[in-house]
Amino acid sequence: MSFSMSQASLPVFEISLNALSAILDKAEAHAAAKKIDPSVLLHSRLSPDMFALVRQVQIATDLAKNGSARLAGVEAPPYEDNETTMDELKTRIARTVAYLKTLDPKQIDSSADRQISFPLGPTKGDEYLNHFVLPNFYFHLTTAYAILRHCGVDIGKRDFLGAIP
């Protein structure tokens, strides 16, 4: 049985983004319980030269949305990157998951050997997914998780993994 490009990407993005949204719920609850302004969490970062939580979430959603759209050979909807609250980030995540459900898996599946053009140059679809989109998606997802964990939010591995099929 073969494993398709859409199977390797769409469920990963949906499950991981839904887990990220649930983690943001826990971050909101943590901020309320500790009487911390949620913007402190939103602007936290692991290192001065790394992006803050808001940008990590924006980039993770962009990678899922734009990467999947490129693989499907369609234009992704633009996002403004203007989120300033947890609710706005969760709305962005929900919009991304909803968008992913509109893509035709067959178009993504047909991209394995097709040339994909993106800012770092052209490459085959399977290489684009496996060596750019997925590693970068997980990097930003993990960094968002790590920022909140570092800030004391009570989250663990199970929260990161989300709903395992």
Side-chain angles (χ1 to χ4, degrees), residues 1-24 42-84 88-150 155 157-165:
M1 174 183 255
S2 66
F3 190 66
S4 71
M5 296 280 288
S6 64
Q7 290 171 317
S9 58
L10 295 176
V12 169
F13 296 142
E14 183 176 349
I15 290 167
S16 297
L17 289 173
N18 286 331
L20 179 58
S21 188
I23 286 170
L24 294 178
L42 293 167
H43 298 291
S44 292
R45 54 186 77 221
L46 292 178
S47 176
D49 65 344
M50 291 180 78
F51 290 126
L53 176 66
V54 169
R55 190 71 185 123
Q56 299 294 344
V57 173
Q58 290 169 339
I59 293 171
T61 56
D62 282 347
L63 283 159
K65 170 182 62 86
N66 297 339
S68 296
R70 278 192 187 102
L71 291 170
V74 299
E75 191 71 30
Y79 289 176
E80 293 184 33
D81 295 337
N82 59 0
E83 293 82 12
T84 60
E88 289 173 351
L89 287 176
K90 290 187 292 185
T91 297
R92 181 186 179 113
I93 291 168
R95 261 184 27 219
T96 303
V97 170
Y99 171 71
L100 294 174
K101 291 176 189 254
T102 70
L103 296 173
D104 182 355
K106 289 182 180 114
Q107 287 177 274
I108 293 172
D109 293 342
S110 70
S111 70
D113 294 319
R114 186 173 27 120
Q115 282 291 109
I116 303 292
S117 294
F118 72 114
L120 296 179
T123 189
K124 288 186 351 176
D126 61 345
E127 293 169 349
Y128 172 66
L129 177 62
N130 289 317
H131 300 291
F132 181 79
V133 177
L134 288 173
N136 278 286
F137 175 74
Y138 278 122
F139 174 85
H140 292 284
L141 189 71
T142 302
T143 303
Y145 167 88
I147 289 168
L148 292 172
R149 186 74 178 95
H150 178 74
I155 51 178
K157 187 177 189 179
R158 189 81 177 120
D159 297 297
F160 179 83
L161 293 175
I164 299 171

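Ala8 and Leu134 get closest at one heavy-atom pair: O-CD1, 3.8 Å. A pairwise comparison of heavy atoms in Ala69 and Ala76 identifies CB-CB, 3.6 Å as the closest pair. The shortest heavy-atom contact between Val133 and Gly67 is CG2-CA, 4.0 Å. A pairwise comparison of heavy atoms in Gln58 and Arg92 identifies O-NH2, 3.3 Å as the closest pair. The minimum heavy-atom distance linking Gln7 with Ser2 is given by the pair OE1-O, 3.8 Å. Nearest heavy-atom pair, Ser111 versus Met5, reported as atom, atom and distance to 0.1 Å: OG-CE, 3.5 Å.
Side-chain atoms of Thr84 and Val54, non-hydrogen and from C-beta on, never get closer than 4.5 Å to each other. Ile23 has its side chain out of reach of Arg149: every pair of non-hydrogen atoms, C-beta onward, lies at least 4.5 Å apart. Side-chain contact between Lys124 and Gln115: present, with at least one pair of heavy atoms (C-beta onward) separated by less than 4.5 Å. Residues Val57 and Leu42 are not in side-chain contact: their nearest non-hydrogen atoms beyond the backbone lie 4.5 Å or more apart. A 4.5 Å side-chain heavy-atom check between Ser9 and Ile108 finds at least one atom pair inside the cut-off.
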Exercise for review: Go through Arg158 and Ile164 one step at a time and tell me if the side chain to side chain contact (heavy atoms under 4.5 Å, CB included) criterion holds.
Suggested key: CA-CA 9 Å; Arg158 189 81 177 120; Ile164 299 171; 3.4 Å; yes

Practice item. For side chain to side chain contact (heavy atoms under 4.5 Å, CB included), just list the numbers for Leu89 and Thr61, CA-CA rounded to whole Å, side-chain angles, deciding distance to a tenth of an Å, and then say yes or no. Key: CA-CA 10 Å; Leu89 287 176; Thr61 56; over 6 Å; no

Exercise for review: Let me see the working for Ile116 and Glu127 under side chain to side chain contact (heavy atoms under 4.5 Å, CB included), right down to the final yes or no.
Suggested key: CA-CA 9 Å; Ile116 303 292; Glu127 293 169 349; over 6 Å; no

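Interatomic distance, CG of Leu129 versus CG of Leu71, reported as 5.5 Å (0.5 Å rounding). Atom CZ of Arg95 sits about 15.5 Å away from atom NZ of Lys90, to the nearest 0.5 Å. Here the CD1 atom belonging to Ile93 is positioned 9.0 Å from the OG1 atom belonging to Thr91, to the nearest 0.5 angstrom. In this structure, Tyr99 OH and Asn66 CG are separated by 8.0 Å, a value rounded to the nearest 0.5 Å. Note that the CD atom of Gln56 and the CG atom of Leu46 stand 7.5 Å from one another [nearest 0.5 Å]. The distance from the CZ atom of Arg45 to the CG atom of Leu53 is 10.5 Å, given to the nearest 0.5 Å.
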Name every donor-acceptor pair, under 3.5 Å, that has one atom in a side chain of residues 13-21 and the other anywhere in the protein, sequence neighbours excluded.
from  : atom 1 : to     : atom 2 : distance (Å)
Glu14 : OE2    : Lys101 : NZ     : 2.9
Ser16 : OG     : Val12  : O      : 2.9
Asn18 : ND2    : Glu14  : O      : 3.2

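Phe160 meets the ring-ring contact (aromatic ring centres under 6.0 Å, His included) test with Tyr145; sequence neighbours excluded.
Counting only residues at least two apart or on different chains, the ring-ring contact (aromatic ring centres under 6.0 Å, His included) pairs with a member in residues 100-129 are Phe118-Tyr128, Phe118-Phe132, Tyr128-Phe132.
No donor-acceptor pair under 3.5 Å is formed between the side chain of Ser47 and the backbone N or O of Met50.
When the options Leu103, Val97, Thr96 are evaluated for a side-chain contact (heavy atoms from CB on, under 4.5 Å) with Lys65, the one that passes is Thr96.
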